[in-house]
Amino acid sequence: MLLIKYEKHSILSEKKMTNNDIRVRIAPSPTGNLHVGTARTALFNYLFAKNMGGKFILRIEDTDIERSKEEYTQNIYDSLKAMGLQWDEGPDVGGKYGPYKQSDRLDLYNEFAQKLVASGHAYEGWCTQEELEAEKEIAQVEKNPYVYSKKCLTATPEQIETYKKEDRKPILRFKVPDKKVQFNDLVKGNLEFDTSLIGDFAIMKSNGTPTYNFAVVVDDIQMKMSHIIRGEDHISNTARQILIYEAFGAKIPEFAHVGMILAPDRSKLSKRHGATAVSEFIQQGYLPEAFVNFITLLGWSPADGEEIKPLDDIIKAFSIDRISSSPAVFEFDKLNWMNGQYIRHMDVKELTQRVKPYLTKYDLSQYSEEQLNYLVEIVREPLTVLGDITDSVSYFFGENVNIDDEIKSTVIDTPETQQVLPKFIELCETLDFSNVEKIHEQLDEFRQAMKPLKPKQTMWAIRAALTGLTRGADIGSVIYLLGKERVISRVQKAIK
RNA sequence: GCUCCCAUCGUCUAGAGGCCUAGGACACAUCCCUUUCACGGAUGCGGCAGGGGUUCGAAUCCCCUUGGGAGUACCA
């Protein structure tokens, strides 16, 4: 009992390896934009590689010709780069175990498949889809697990001749040996599968392309992968894959299967739950840094408990044995909070640059770069996503402000406000608009002078006249950015 | 159906038989700060799915039940 525990919590074989032997990969299919789940898997692989001083490899699995698209490949590159996960080897950067796109490796799969045929580990399958469907249906009716009948294993030369005459194209099937496949998963612990439940699965399709399970193993052998970190939806594939490793007499890598990321309703995260692609989150104004930080915490936790942790620190803190084996629900609340944290603590100049794409509807040229930085500084606090800034800065642009009826009747047109505003215009004559601190001081004095009006009433009057709102950035700073002319003209318009 | 995985506050999690009266974060509530919203600070709310074992002692180990998830393709 103690022994099992020990195995689960240590990564024995790592110790025998030098760091250069640590090689992990992310292998997405370009059948859609980079998904949150894939992104997290990529992240864990990256973190492990960087923590161990190993290599992180990108491989594009585009054997599904119909569904693979070049634009998705590009999206995968862009998203990974935005997250800061630069790969050491990949289709675009090369490497000595390439090519890194499966569609460029077709000859290799064929070659490896033929080796298995030669060694008696694989055979041709001639069944039509209909025949296979029929087999499955029978299994279903009899409530038996479906296992391929192996009938092509024993096909006579005559039968094969007729198949050929019918213009059938064969697939290649792996001859599954009768045994128990056992492996020690780095996050799940000891796992065992009985191969009698696994049918002789396909390794090459009739169109000459490899199936996923075969291509993965060929690539992982040839690319010398040491650890396979992936989602737990691949656990049962692992048994098949180990069989293939064994048939080749290849070294079997370490496996680590991570719990899935689920939607709030505990189903698989999909389009109907909103954004699922990394690029969508970035578009909405989530900072890639915050996003990365957040998804790291879905299934992993740092030993020191510090949750706000930039990528470099996560790399230092990362270890596989702190990966959780249960699934995690993706909720926006904490992501939103974390994004706000990053927005509040980011260097202002950097933030100003990042926010510019959300400010295209405004004429920014009226402000200097310094003023723009200052503007961002004073409005950043309540932002959840970068996109929030678009609406929150509208009163900094244009001559006039929109004041809706409610604010007009409840704030602007009150006797108190009408009392404050003319006095404020007087103040403007002596106000030093070029100096924010001075403005604040004079505003302070003004508030005092307006007693017995409450400070709140005084400030609301000015705020409403200038911004049309009862809430927003510090009003002294607003006055500074707006400048004398606009301040006076807006206040005058508010006076009845 | 069959096989496998998983199970701590609403959510993310800490937890490796005694450090647990189960800790932290988000969310929520209240209060404080304040020219507003917010930020920040303080406090509160809230959980070991259920049942059996093992043990002097169980969130932790074992079994069953229940609930969730995945796989069962010439998709990846």
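The sequence lines fix the lettering, A, B, ..., with proteins before strands; numbering per chain opens at 1.
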Participant: Send over the distance from A:Met338 CE to B:U11 P, rounded to a whole Å.
Facilitator: 18 Å
Participant: Just to be sure I understand the rule, does A:Ile171 reach a base, reach only the sugar-phosphate, or reach nothing, if contact means heavy atoms closer than 4.0 Å?
Facilitator: base
Participant: Going by an N to O cut-off under 4.0 Å, is there a salt bridge joining A:Lys408 and A:Asp405?
Facilitator: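 Looking at A:Lys408 and A:Asp405, the cut-off is not met.
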Participant: When you measure from the side chain of A:Glu331, which nucleotide among B:A76, B:U11, B:C12 comes out closest?
Facilitator: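 Of all the options, the side chain of A:Glu331 is nearest to B:U11.
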Participant: Provide a list of protein-nucleic acid N or O atom pairs under 3.5 angstrom, restricted to nucleotides 66-72 of chain B.
Facilitator:
from, atom 1, to, atom 2, distance (Å)
B:G71, O2', A:Ser236, OG, 2.8

Participant: With hydrogens left out and only the distance checked, is there a donor-acceptor pair under 3.5 Å joining A:Ser206's side chain and the base of B:C74?
Facilitator: yes
Participant: Are OP1 or OP2 of B:U34 and a side-chain N or O of A:Lys456 less than 4.0 angstrom apart?
Facilitator: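 It does not, given that no N or O in the side chain of A:Lys456 lies less than 4.0 Å from OP1 or OP2 of B:U34.
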Participant: In the 5'-to-3' direction, what one-character label does each nucleotide of nucleotides 37-42 of chain B receive under the scheme B = base within less than 4.0 Å of a protein heavy atom, S = sugar-phosphate only, - = no such atom?
Facilitator: BBSS--
Participant: Which nucleotide sits closest to the side chain of A:Lys334: B:A14, B:A25, B:C74?
Facilitator: B:A25
Participant: Kindly say if A:Arg463 contacts the phosphate of B:U35, meaning a side-chain N or O under 4.0 Å from OP1 or OP2.
Facilitator: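 A:Arg463 to B:U35 OP1/OP2: no side-chain N or O under 4.0 Å.
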Participant: What's A:Arg230 touching, base or sugar-phosphate or nothing? Going by heavy atoms closer than 4.0 Å.
Facilitator: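 Nothing: the residue A:Arg230, judged by heavy atoms under 4.0 Å, touches no strand.
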Participant: Would you mind classifying the nucleic acid contact of A:Gly299 as base, sugar-phosphate or nothing, using non-hydrogen atoms under 4.0 angstrom?
Facilitator: sugar-phosphate
Participant: Select base, sugar-phosphate, or nothing to describe what A:Asn336 touches, counting heavy atoms under 4.0 Å on all strands.
Facilitator: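 Answer is nothing: A:Asn336 stays at 4.0 Å or more from every strand.
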Participant: Does A:Arg272 come within less than 4.0 Å of A:Asp265, counting only side-chain N to carboxylate O?
Facilitator: yes
Participant: For A:Glu66, report the nucleic acid contact type (base, sugar-phosphate, nothing); a contact means any heavy atom under 4.0 Å.
Facilitator: nothing
Participant: Hey, could you give me each pair passing side-chain hydrogen bond (donor to acceptor under 3.5 Å, both in side chains) that has a residue in residues 27-36 of chain A? Not counting sequence neighbours.
Facilitator: A:Asn33-A:Asn75
Participant: Which nucleotide wins on minimum distance to the side chain of A:Pro145, given the candidates B:C2, B:U35, B:C75?
Facilitator: B:C2
Participant: Less than 4.0 angstrom between a side-chain N/O of A:Thr31 and OP1 or OP2 of B:C75, yes or no?
Facilitator: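 No, A:Thr31 has no side-chain N/O under 4.0 Å of OP1/OP2 on B:C75.
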